*Asks:* 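After the structure tokens below, expect a handful of questions from me.
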Amino acid sequence: MSDLYLARTNQKLHFVRLHLEALERAHQSTGWSQHAEVESYNESVLFHLASAYGAFLREIAEKYRFSPAAVNTIADLEAQFEASGQESPERAELHNLEANESSWLHKMLAAYDACWLASDERKAASDTVSVSEIHVMQINPDHAEDSDILAEYRRWFGEFQGLVERLRAGMQEW
């Protein structure tokens, strides 16, 4: 097996780390483009987190000898499990995380999806909407939540790394 998607997942996680560091530097900047840099890195962190998740779904498909190219979402991976008659703890855990509106994964994916929307409304934070999702949807944010967003991204990154390490340990071929 090539482990192509294992390498891709690792690469995207490394990119997240690099962009988190750049986002932190942008927060400390005093230049005229500080807010544009912060918004740019906010979106790039989300892009690389979502890309790492997609690569990880394909990595799981690769480990179970499914077609990784046919996997873009958890539903795609689930369809391949259904067709093969197999079950996996990875599938169940990822499905539950995506379905749970208060989970870090659900919030991260919602924040990434919000990158594609534009709105001039300001929303209040709630238990099911992340601070970063609110921020990304604003056209002219006041940047009051910037440090909270950075902390949230770091938490998501840590949660994702822990999840990947734990699930990979369970997928090891003995």
Side-chain angles (χ1 to χ4, degrees), residues 5 8-9 11-29 31-61 68-80 90-91 93-164:
Y5 289 99
R8 183 66 172 162
T9 303
Q11 179 188 49
K12 294 309 261 176
L13 288 172
H14 180 65
F15 290 169
V16 172
R17 188 177 302 107
L18 292 174
H19 285 250
L20 281 170
E21 291 168 3
L23 177 56
E24 185 170 358
R25 285 190 303 273
H27 279 264
Q28 297 166 358
S29 170
W32 65 271
S33 64
Q34 177 194 21
H35 294 308
E37 289 177 28
V38 166
E39 289 183 35
S40 171
Y41 286 120
N42 279 339
E43 289 193 21
S44 68
V45 166
L46 287 171
F47 170 78
H48 289 298
L49 280 167
S51 296
Y53 180 61
F56 188 59
L57 291 174
R58 291 177 190 95
E59 179 182 333
I60 294 169
V71 174
N72 293 309
T73 65
I74 189 68
D76 297 335
L77 183 62
E78 288 177 326
Q80 290 198 30
E90 301 86 13
R91 168 194 178 184
E93 183 166 355
L94 294 174
H95 174 86
N96 290 339
L97 282 171
E98 271 201 48
N100 180 352
E101 290 183 0
S102 63
S103 81
W104 66 269
L105 182 59
H106 181 90
K107 290 179 181 181
M108 186 266 299
L109 293 172
Y112 173 71
D113 288 344
C115 289
W116 303 101
L117 304 174
S119 173
D120 60 358
E121 298 179 16
R122 183 166 178 88
K123 293 183 181 179
S126 73
D127 289 341
T128 60
V129 177
S130 73
V131 176
S132 57
E133 182 180 356
I134 295 165
H135 178 80
V136 170
M137 291 178 66
Q138 297 174 32
I139 294 175
N140 294 309
D142 61 9
H143 295 274
E145 300 97 3
D146 283 352
S147 62
D148 294 336
I149 293 168
L150 178 58
E152 186 170 49
Y153 288 170
R154 283 189 179 131
R155 187 177 60 79
W156 291 347
F157 179 61
E159 293 278 353
F160 189 66
Q161 279 189 301
L163 175 78
V164 167

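We count residues from 1, following the sequence as given. Predicted, not measured: the structure shown is a model, and the values here were computed from it.
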*Asks:* Rounded at 0.5 Å granularity, tell me how far CD in Glu37 sits from CG in Leu23.
*Replies:*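 These two atoms lie 10.0 Å from each other.
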
*Asks:* Give me the atom names and distance for the closest heavy-atom approach of Ala55 to Thr9.
*Replies:*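 Heavy atoms only, the tightest pair is C-OG1, 3.2 Å.
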
*Asks:* Using side-chain hydrogen bond (donor to acceptor under 3.5 Å, both in side chains) as the criterion, list what pairs up with Gln80, not counting sequence neighbours.
*Replies:* none

*Asks:* Mind checking salt bridge (charged side-chain N to carboxylate O under 4.0 Å, His left out) for Glu24 and listing every partner two or more places apart, or none if nothing turns up?
*Replies:* Arg154

*Asks:* So do Tyr53 and Tyr112 actually touch side chain to side chain, heavy atoms under 4.5 Å?
*Replies:*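 A side-chain contact is absent here, since even the closest heavy-atom pair is not under 4.5 Å.
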
*Asks:* May I ask you to decide if His27's main-chain N or O and Gln34's side chain share a donor-acceptor pair within less than 3.5 Å?
*Replies:*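 Pair found, side chain donor or acceptor close to backbone of His27.
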
*Asks:* Which heavy atom in Pro68 sits nearest to a heavy atom in Ala61, and how many Å separate them?
*Replies:*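 Scanning both residues completely, I find the closest heavy atoms to be CA-CB, 4.0 Å.
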
*Asks:* Listed by chain and number, what are the side-chain hydrogen bond (donor to acceptor under 3.5 Å, both in side chains) partners of Ser103, not counting sequence neighbours?
*Replies:* none

*Asks:* For a side-chain contact (heavy atoms from CB on, under 4.5 Å) check, start with the C-alpha distance between Phe56 and Lys12, then their side-chain angles and the critical distance, and finish with the verdict.
*Replies:* CA-CA 10 Å; Phe56 188 59; Lys12 294 309 261 176; over 6 Å; no

*Asks:* Looking at CG of Leu94 and OG1 of Thr73, how far apart are the two atoms once the value is rounded to the nearest 0.5 Å?
*Replies:* 11.5 Å

*Asks:* If we ignore angles and hydrogens, is there a donor and acceptor under 3.5 Å between the side chains of Gln11 and Arg8?
*Replies:*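 Distance-only check passes for Gln11 and Arg8.
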
*Asks:* Rounded to the nearest 0.5 Å, how far apart are CE of Met108 and CG of Leu49?
*Replies:* 5.5 Å

*Asks:* Determine whether Asp76 and Leu57 make a side-chain contact, defined as any pair of heavy atoms from C-beta on separated by less than 4.5 Å.
*Replies:*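 The answer is no, as the side chains (C-beta and beyond) never meet within the 4.5 Å cut-off.
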
*Asks:* Using the side-chain hydrogen bond (donor to acceptor under 3.5 Å, both in side chains) criterion, which residues pair with Asn72? Sequence neighbours excluded.
*Replies:* Arg58

*Asks:* Hey, can you pull the donor-acceptor pairs under 3.5 Å for the side chains in residues 14-21, sequence neighbours left out?
*Replies:*
unit_1 : atom_1 : unit_2 : atom_2 : d
His14  : ND1    : Arg17  : NH1    : 3.4
His19  : ND1    : Ser44  : OG     : 2.7

*Asks:* With side-chain contact (heavy atoms from CB on, under 4.5 Å) as the criterion, how do Glu93 and Leu163 come out once you've worked through the C-alpha distance, each side chain's angles and the decisive distance to 0.1 Å?
*Replies:* CA-CA 10 Å; Glu93 183 166 355; Leu163 175 78; 3.3 Å; yes

*Asks:* So do Val38 and Ile149 actually touch side chain to side chain, heavy atoms under 4.5 Å?
*Replies:* no

*Asks:* Apply side-chain contact (heavy atoms from CB on, under 4.5 Å) to the pair Arg91 and Glu78, showing each step before the final yes or no.
*Replies:* CA-CA 7 Å; Arg91 168 194 178 184; Glu78 288 177 326; 3.5 Å; yes

*Asks:* I'd like to check the side-chain hydrogen bond (donor to acceptor under 3.5 Å, both in side chains) partners of Asn100; sequence neighbours left out, ordered by chain and number.
*Replies:*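 Expected list: Ser102.
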
*Asks:* As an exercise, state the distance from CZ of Arg155 to CG of Asp148, rounded to the nearest 0.5 Å.
*Replies:* 11.5 Å

*Asks:* As an exercise, state the distance from NE2 of His95 to CG of Leu77, rounded to the nearest 0.5 Å.
*Replies:*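 Nearest 0.5 Å value for the NE2-CG distance: 12.0 Å.
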
*Asks:* Take a 6.0 Å sphere around CZ of Phe157 and say whether it holds more than 12 heavy atoms from other residues, nucleotides or ligands.
*Replies:* yes

*Asks:* What's the verdict on side-chain contact (heavy atoms from CB on, under 4.5 Å) for Ile60 and Tyr5, showing C-alpha distance, side-chain angles and the deciding distance?
*Replies:* CA-CA 8 Å; Ile60 294 169; Tyr5 289 99; over 6 Å; no

*Asks:* For the backbone of Ala36 and the side chain of Ser40, can you confirm whether one donor and one acceptor N or O come within less than 3.5 Å of each other?
*Replies:*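 Not at all, since once roles are kept as given, no pair shorter than 3.5 Å links the two residues.
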
*Asks:* Roughly how far, to the nearest 0.5 Å, is the CG atom of Leu109 from the CG atom of Leu97?
*Replies:*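 Leu97 CG to Leu109 CG: 10.0 Å, rounded to 0.5 Å.
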
